[in-house]
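Here is the naming used below: chain letters follow the sequence lines, and residue numbers restart at 1 for every chain.
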Protein chains: 2
Amino acid sequence: MAEKKSKITIYDISKEAGVSIATVSRVLNDSNNVNPKTREKITEVMEKMGYKPNAFARGLGLDTMKTIGILCADSSDTYLAKAVYLIEEALRQNNYDSLLCCTGYDFQNKQKSLDLLISKKVDAAILVGSNFLDTTVSSNNNYIKEAAKSIPIMLLNACFECQNVYSLFCDDLNATKSAVEFLVKKGRKKILYLYSSKSYSGVKKLEGYKEALKENNLSLSDDYIVYCNSNRDDVNGFVKTIEEVYEKGLRFDAVVSSEDYLAIAALKFAIKKGISVPKDLSIIGYNNSPMALMTQPEITSVDNRLEALSKQLVATLLGVLEGKEMPAKTEYKGILIERDSTES
Amino acid sequence: MAEKKSKITIYDISKEAGVSIATVSRVLNDSNNVNPKTREKITEVMEKMGYKPNAFARGLGLDTMKTIGILCADSSDTYLAKAVYLIEEALRQNNYDSLLCCTGYDFQNKQKSLDLLISKKVDAAILVGSNFLDTTVSSNNNYIKEAAKSIPIMLLNACFECQNVYSLFCDDLNATKSAVEFLVKKGRKKILYLYSSKSYSGVKKLEGYKEALKENNLSLSDDYIVYCNSNRDDVNGFVKTIEEVYEKGLRFDAVVSSEDYLAIAALKFAIKKGISVPKDLSIIGYNNSPMALMTQPEITSVDNRLEALSKQLVATLLGVLEGKEMPAKTEYKGILIERDSTES
DNA sequence: TTAAATTGTGAAAACGCTTACATTTAAAAC
DNA sequence: GTTTTAAATGTAAGCGTTTTCACAATTTAA
C-alpha cells in the first residue's frame, strides 16, 4: 500500500532493523547462517517499508538474473505460440522468467537477436522451431555454435550437434512415413505432398514421404511434391496453389501435408471443388494443432509431441543449469491421430 | 571469433586503448564529447577484444534496461499472440526488448506476474487483452492502480481510468451493434448471441447486441444469449453447447459471436446439422483473425483493429517514456468485413 | 574448566558501469 | 601573443547488491 518509485535499499532496512547490510542480504538470499529471530525482524521491516530488491544490483552481484531467452520466428504462429506458452509456463514454475524475442525468418536477424539476448545476460536460450537451423547453407548455423560458447542453447524441433547445444525433436521422418503408409494401406496410390518450409524438420518430413513411396513401390514424381509459398495466415494462397496443380491436370486421391494449415487449405479446396472427403480425397495434416478440429470433417493429423517435448526441454535445461550432465539429443516418436478426413 | 564467458571489462579496454574508463563509457553511450579518432580507436579495441558490456552494471548505472514487460493471459491464443507479435516487433525496432509473461486467467496470478516484472525493472508493462480488467469485482483491478505508481501501464483492448495508465481499445459496443443491425437489415429476426468471456470488451459487445435489438424493436430474450464455457481450443465443446440449445427447441436464423472461434463452432454445427449457410443461417464472428478465412464458406467478421491499435500502443508508450504528454484513451472504430457466411 | 568447534554478525571490498566535476588541451577572439 | 571559450579527457564517487574474511558469542567436547 505504501511505496512509490521504491528507493528503499538494503541500507534503510539494515538501519531500521538495527543490523548490518550483510545480514539483510543474507535473509534476502535465505542463507542458512542467520538467527531466526533476526530473520523475522528483518522480514518484518522489509514488509513494513515495502522493500523491493534492485534486480540490477542483484544481477551484478550474482551474475544471473534467472532469465531465459526464448527465440521464435513468429509468435503469432499458433503452433510456435503453443510451444512458447508451454515453455514459459514451465520456466516460471521453476522461478525463471522468459525474455521473448521474435526474430522473423531471416538468419541475419536471428543471429542479431540471439546476440542481444546474450548481452542481456540470459542464463540460456531456447530456439523454438526448426527454422533456426538452415539445412542448405550450413555456415548459417555458426551463430548457434558461437552463442553456445557463452550459454547453453536449447533447440526445439531441430537437431544440431555441438558442445553446449541440446536438441529435442520429433522423429519427423518416420512420423511422415507412417502417415503415408497409413494411406497406402487404405489403397491410396496418388498421394500429393504439400509443404511450406525447407527447415530442418521440413526436410526430414519430405524424406519420410519419399521413403514411404519407395518402400511401397509407388512411383515417385516431383509433380506430386508441391511447395506452398504463401504467408502462413493466407489460407487462400495455399488453396490457389493446390487449384493450380489441379487445373494442370494432376489428379490425387490423398494429401499429406507438413503443416495443419496446409491440410486445411486442402480441405477447403476439396469443398470448393465438390470433391468428397475422405471418400475421394483423404487428407492428413501435421502438428495436431487445435486447427485440425475446427473443420468439418475434422482432420487426421500427426501429433509431433510438442507438449511432451516442451516439458522435457525445460527439464533438460534446468538440469543443465544445475550443472548436471544431460542428454544432448532427445527424440520422441510422432503419433498419427485418426479423424474424419481419412477413412477408418 | 574470440571471446568466451566474456570477462573483458571497460577497464581492459581503457588500458589497451590508453584512455580512461570514462571515455570508453562515453563511446558506449555515444556521448557527443569524444574525439572521433579516440572513438574509432576505442571501437576498434572493443571489437578486437570481443568486449560485451555488462547489462547489469549498465542497468545499475542507468536505472533502466530498455525492457518492456508484456503480459498476456495465454500466448497460444492466436488473437493475443498476434498482438504480442506486433508489439514485440515494434518495440524491438525502437531498441526496446520485451519480457513476455503469460499469466493465465486467474487474477491473483496476474497480479503476481505484474509485480515480478516490476521487480525485474521493466520500464513499462503492456497488458494485452481485455481479460486483465475485471468488470464484476472492481477491487480486482487494484493491482493495476498499484503497479501504475511504479511504471506506465498500457492496456490493449480494455479501458481503465487511472493516473499513468493508457488504454487503447476498439469501440466494441458499436461494432457489435453494427454487426447485429447488418443482419437485421437482411431480414434476420432470431439472432443468437454467442460469447465466452465476461471481460471488459466481452461486456461491451453484449451491450451492443442488446442495444441493437432494442433499437430495432426486436424481442430480446435471454435464451438467445448463450455463454460458451469451454476451453478456447475445444471447438467441439462450443459445438456441443450450440447443439444443446438447438435440441431444446430454440431456433435462430443468425449467429453473432464475440470471437471468431465461436463463429467457427457455429459453422461446424450448421454443417453437421445440414443447415445451409448463409441462406438459412447467417454467421458473424469477431476479431477478423486468419481463422475466419480457413473455412468454406469464409466467415464474416468484425475487424477490431488489432494491428492499428498495437502500433498506436507502442507509439504512445514511446511517447510516455520520453516524458511526453500522451492521450490516456485511444479508441478505434471496428469494421465489419463481409464474407460468405452472410448474404450480400 | 578450558580448548575447540560452531554460529551469528559486521566491515569492507568487489561487481562493471555511469556521470558530475575537475582538469587539460586545443581553438577562437581580441 | 594573450585571454576566453569550447572540446576532450580523466578522477573518483556512486548505483544496490553479494560475499570474503575476521571476530565475537555461544556451544560442544575433552
K.L.:
Would you confirm whether B:D63, through its side chain, and B:G59, through its main-chain N or O, come within 3.5 Å as a donor-acceptor pair?
P.N.:
no

K.L.:
Given C:dC17, D:dT19, D:dG10, which nucleotide is nearest the side-chain atoms of B:A22?
P.N.:
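My answer, after comparing the listed nucleotides, is D:dG10.
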
K.L.:
On DNA chain D, does the nearest nucleotide to A:G61 precede the nearest nucleotide to B:G18 from the 5' side, or the other way round? Give the residue.
P.N.:
B:G18

K.L.:
Run the salt-bridge test on B:R92 and B:D97 with the 4.0 Å N-O cut-off and return the result as yes or no.
P.N.:
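Looking at B:D97 together with B:R92, the answer is yes, because their closest N to O distance falls below 4.0 Å.
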
K.L.:
Considering only C:dT9, D:dT18, D:dT11, which nucleotide approaches the side chain of A:T38 most closely?
P.N.:
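In terms of side-chain proximity for A:T38, the closest of C:dT9, D:dT18, D:dT11 is C:dT9.
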
K.L.:
Just compare C:dT18, C:dG16, C:dA12 and give me whichever is closest to any side-chain atom of A:I21.
P.N.:
C:dA12

K.L.:
Quick one: do A:N140 and A:K110 satisfy side-chain hydrogen bond (donor to acceptor under 3.5 Å, both in side chains)? Show the steps, please.
P.N.:
CA-CA 10 Å; A:N140 265 349; A:K110 286 181 204 292; over 6 Å; no

K.L.:
Given D:dT17, C:dG16, C:dT9, identify the nucleotide with an atom nearest to the side chain of A:R58.
P.N.:
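My answer, after comparing the listed nucleotides, is D:dT17.
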
K.L.:
Nearest to the B:L60 side chain among D:dC15, D:dT18, C:dT19, which nucleotide is it?
P.N.:
D:dC15

K.L.:
From the list C:dT18, D:dT17, D:dT19, which nucleotide is the closest neighbour of the side chain of A:Y11?
P.N.:
D:dT17

K.L.:
Please tell me if B:T23 has a side-chain N or O lying less than 4.0 Å from either OP1 or OP2 of D:dG10.
P.N.:
yes

K.L.:
Name the closest nucleotide to the B:N35 side chain, picking from D:dA8, D:dG10, C:dG16.
P.N.:
D:dA8

K.L.:
If you only use heavy atoms from C-beta on, which nucleotide in C:dT7, D:dG16, D:dT18 is closest to the side chain of A:K7?
P.N.:
D:dG16

K.L.:
The side chain of B:N54 is closest to which nucleotide in this list: D:dT17, C:dC17, D:dT9?
P.N.:
C:dC17

K.L.:
Can you say whether a donor on the side chain of A:R39 sits under 3.5 Å from an acceptor on the base of C:dG8, or the other way round?
P.N.:
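Flag unset: no donor-acceptor pair detected.
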
K.L.:
Could you tell me whether the phosphate oxygens of C:dT18, OP1 or OP2, come under 4.0 Å of any side-chain nitrogen or oxygen in B:S25?
P.N.:
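Checking C:dT18 against B:S25, a side-chain N or O does come within under 4.0 Å of OP1 or OP2.
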
K.L.:
Considering only side-chain heavy atoms of B:N33, which listed nucleotide, D:dT9, D:dT18, C:dT9, is closest?
P.N.:
D:dT9

